[in-house]
There are 2 protein chains.
Amino acid sequence: MKKVSISDIARKAGVSVSTVSFVMNDKAVKMRISREVIEKVENVAREMGYRPNQLARGLRTGKTKTIGLIVENISNAFFAKLAKSIEDEAKKYDYKVVYCSTDNDEDKARDLINMLSQRQVDGYIIVPTLNLAEDIRKLQAENKPVVLIDRYFPQHDEIPAVLVDNYEGVSGGMEYLIGKGYRKVVLVTIETEMAHMKDRLRAYYDVLNRHGIAPVDGFVKVVPYESDRETALKEVEDLLAGAGTAFDAVFFLTNYLGVLGIEAIKKLQIKVPGQLAVLCFDDNDIFRLYTPTISVIRQPIEAIGQKAMSTLIERLRHTGEEAFPENAPLMLIADLVKRESI
Amino acid sequence: MKKVSISDIARKAGVSVSTVSFVMNDKAVKMRISREVIEKVENVAREMGYRPNQLARGLRTGKTKTIGLIVENISNAFFAKLAKSIEDEAKKYDYKVVYCSTDNDEDKARDLINMLSQRQVDGYIIVPTLNLAEDIRKLQAENKPVVLIDRYFPQHDEIPAVLVDNYEGVSGGMEYLIGKGYRKVVLVTIETEMAHMKDRLRAYYDVLNRHGIAPVDGFVKVVPYESDRETALKEVEDLLAGAGTAFDAVFFLTNYLGVLGIEAIKKLQIKVPGQLAVLCFDDNDIFRLYTPTISVIRQPIEAIGQKAMSTLIERLRHTGEEAFPENAPLMLIADLVKRESI
DNA sequence: GATATTGGCTAAAACGATTTAGTTCTTTTC
DNA sequence: GAAAAGAACTAAATCGTTTTAGCCAATATC
């Protein structure tokens, strides 16, 4: 059984293809199609189970009603939730989302952009990797709107971005730790040259400095992104072995690192918060259920998704030729969720 | 800056559109295009950054090199991993995957099938909901291959399915519990008429029966799918309040229920396995990290993804007109991961 | 009563590819 | 040296839509 096309409908209803198209697109009234013909066409279309071919439609109109979402890794809880919120939001605007993961690899990111571009998505929401600004500029040059999320390019404010205020988030966390009397705070971060991580790191040093605490060599542990789970776990374990003596608190800068940290803490049987206070950037189910529960800096995931989507929609609707006004990245506030670990 | 099309290349290279097409599709040799022309075209295409429009290509060829993946909820760890494994596998065969969630709602599932069908995906991998068999038959009638995963329709063996052997999995879990001396086992399951859950339930009763244990009224708790997280949690809490006296073990039949159960157990401060032995169908990061660690029946997620994908590919390549041979659902073995909770 | 206007439709181009059936030279073949 | 074969391309149809321009008859306008 073949699919039914608009011309099948036209033939069966005894009208032209154009007429069917007008009826199917609610342009029948504007095109002054008579009441009877409209009904006739609608009935035939229903009977035959007609579904317009979106490839043909997209080819003709240049619009696919699809947006491309590129995240780091869809199986990570943070990105999964972000994706879900964007998808739900997109549905409200009648857009479909197709998503894919870069695994933080810039070549893979480029491939994905190409792939989505070939599939003619109307716009993009991207969690960028390093060195992706040029590729994104090209999309913009083709008049395809792009909104960055979670990360941004500070020197490119012509690319809109929606993210959490990382500097304020980490500052708040550090102030909380220090306010509770912890002055020897170890930071576990992921290797990255990207601005959002630099902002987090800068906040760490600034807060220490503000309190007259000298940063200690080796207190900032950088886990290389490429290391596999086992290696990374080993590194975190080695670091945390010094808990309680060399340092009294640890601040994990990502959700992934936090989970790894929990695993190490469990293995090493470190008493939290007795021996070690623990704080993590980004929430995760595990942090709520672990004993003790882990305090976190929680990002407003839904809000990021909604704001990114509304920013994108605004640009999708802005059909004018003139470039869109430049704008600074939109930074939302992350809040501190106090639990038992500090 | 507009996108460059095949005719832009043709014009600039001074050849016909056909020639460009042949070169771009590696049919140049078969079509006896000369070495110089091939190079010329390739250079121009590279310089201009030509990327074929997949809508046009798909419209013409009827193949989009895209498969539709419909799962229950992409933000659930089990489905997220399944999706990732299918995506990775698809890449090997040069297919792109677009995925979406039904939230277990059969109307939503139908809408998604329609949406994917309009976008002309070449094939489907579906975690079906109730009453979806007819809609799937329609896809097959249109010559679009479908492979079910995780669930199946026992009375429809013309729809291929890849899933775990649920009956054997639960049997194994029950035998383990009973072997360890637990004879009062509570089962927490999700409301469903679907065969895979019936298989699990049947295994529960069969094993009890085999050991001469009479099933107790109220020992099988069914959490309605529609209930929100809070309500469901409350129900599980109420149930588990009797732990240690009325019953001595609990078997959660899904990952989601297990996590909910952990939350309840934590809240009620139930001693595991002292007061209550805990076992769950499906693994989850939390089960590895919770104290005590939770034993699980682990599904071979990667294998399910790979087998589903290879089954689908086989059918995608099978262009013949005659229907594909019918076949029983392919059932893979789940293994028991023994941890501390039992 | 000729000309505009309106109502109700349709023809055909266009989107960007793929693919079949040619076309035009040049080289073999007998 | 005419016919056949081969080499190197190209024209045009096609996929399923949308959309612009236009056709024809009936009615309104002067």
Side-chain angles (χ1 to χ4, degrees), chain A residues 2-42 44-45 48-66 117-122 142-143, chain B residues 2-42 44-45 48-66 117-122 142-143:
Chain A
K2 287 297 300 169
K3 277 212 169 158
V4 333
S5 79
I6 200 171
S7 59
D8 296 329
I9 307 294
R11 201 170 316 116
K12 188 134 179 189
V15 297
S16 77
V17 164
S18 331
T19 303
V20 178
S21 176
F22 293 139
V23 173
M24 298 320 288
N25 291 289
D26 291 328
K27 294 196 175 136
V29 174
K30 201 169 73 186
M31 286 296 148
R32 301 176 255 217
I33 308 296
S34 67
R35 197 67 234 142
E36 314 106 79
V37 170
I38 292 180
E39 271 165 23
K40 173 89 185 168
V41 169
E42 279 173 346
V44 172
M48 302 184 73
Y50 172 64
R51 305 273 152 200
N53 179 325
Q54 298 293 346
L55 296 187
R57 198 198 280 249
L59 178 59
R60 174 61 230 242
T61 63
K63 302 275 159 240
T64 55
K65 282 286 186 180
T66 300
S117 155
Q118 288 184 225
R119 283 184 158 75
Q120 316 297 121
V121 301
D122 295 342
E142 286 171 10
N143 242 307
Chain B
K2 287 296 301 169
K3 279 214 167 157
V4 331
S5 77
I6 200 169
S7 59
D8 296 329
I9 307 294
R11 200 171 313 116
K12 190 137 178 185
V15 297
S16 76
V17 165
S18 332
T19 303
V20 178
S21 175
F22 294 140
V23 173
M24 299 318 289
N25 291 288
D26 292 327
K27 296 195 174 136
V29 174
K30 202 169 73 186
M31 286 294 147
R32 300 175 256 221
I33 308 297
S34 67
R35 196 69 234 137
E36 313 107 82
V37 171
I38 293 179
E39 270 165 24
K40 174 87 184 165
V41 169
E42 280 172 347
V44 172
M48 302 184 73
Y50 172 64
R51 306 272 152 198
N53 180 325
Q54 298 293 347
L55 297 187
R57 198 199 281 250
L59 178 59
R60 177 59 231 243
T61 63
K63 301 274 158 240
T64 53
K65 281 284 183 184
T66 300
S117 155
Q118 288 184 226
R119 283 182 158 78
Q120 317 297 124
V121 302
D122 294 342
E142 286 171 11
N143 241 306

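Just so we're clear, the structure is a prediction, and the values are computed from it rather than from any experiment. In what follows, chains carry the letters A, B, and so on, assigned in the order in which the sequence lines appear, proteins first and then strands, with residues in each chain numbered from 1.
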* Please report the closest heavy-atom contact between B:K63 and B:D122, naming both atoms and the distance. => CA-OD1, 3.5 Å

* Would one find a side-chain N or O of A:S18 under 4.0 angstrom from OP1 or OP2 of D:dT18? -> no

* Select one nucleotide: of D:dT18, D:dC15, D:dC9, the one nearest the side-chain heavy atoms of A:N25. => D:dT18

* Name the nucleic acid region contacted by B:S21, choosing base, sugar-phosphate or nothing; use a 4.0 angstrom heavy-atom cut-off, strictly under. => base

* To do: Specify the closest pair of heavy atoms between B:I9 and B:Y50, including all atoms of both residues, with the distance to one decimal.
  => CD1-CB, 3.7 Å

* Counting only side-chain N and O atoms of B:S34, is one of them less than 4.0 Å from OP1 or OP2 of D:dC9? -> yes

* B:I33 vs A:V20, nearer the 5' end of DNA chain D by closest nucleotide -> B:I33

* Answer with base, sugar-phosphate or nothing: what part of the nucleic acid does B:M24 contact at a heavy-atom distance below 4.0 Å? => nothing

* To do: Would you mind classifying the nucleic acid contact of B:V37 as base, sugar-phosphate or nothing, using non-hydrogen atoms under 4.0 angstrom?
  => sugar-phosphate

* To do: Check the distance between D:dT19's P and A:K30's NZ and give it to me in whole angstrom.
  => 8 Å

* Asked: Contact class for B:T19 (heavy atom, under 4.0 Å): base, sugar-phosphate, or nothing?
  -> base

* Asked: Is any side-chain N or O of B:K27 closer than 4.0 Å to OP1 or OP2 of C:dT18?
  -> no

Could you list the donor-acceptor pairs under 3.5 angstrom formed by side chains in residues 17-28 of chain B, with sequence neighbours left out?
unit_1, atom_1, unit_2, atom_2, d
B:T19, OG1, B:S16, OG, 3.1
B:S21, OG, B:N25, ND2, 3.4
B:N25, OD1, B:R57, NH1, 3.4
B:N25, ND2, B:S21, O, 2.7

* Structure fact -> In terms of heavy-atom contacts, B:Q118 and A:K3 come closest through N-NZ, 4.4 Å

* Structure fact -> With the side chain defined as heavy atoms from C-beta on, A:R60 is closest, among D:dT17, C:dA17, C:dT19, to D:dT17

* To do: Return the residues of residues 4-15 of chain A meeting this criterion: a heavy atom under 4.0 Å from some atom of DNA chain C. Order them by number, or give none.
  => A:V15

* **Sugar-phosphate only, base, or nothing, as touched by A:R51 at under 4.0 Å among non-hydrogen atoms** => sugar-phosphate

* Out of C:dC9, D:dT17, C:dG16, whichever nucleotide has its closest atom nearest the side chain of A:L59 -> C:dG16

* Structure fact -> With five pairs defining each end axis, the helix from C:dG1-D:dC30 to C:dC30-D:dG1 comes out bent, to 10°, by 60°

* Check every atom of D:dT18, C:dA11, C:dT6 against the side chain of A:S16 and return the nucleotide holding the closest atom. => C:dA11

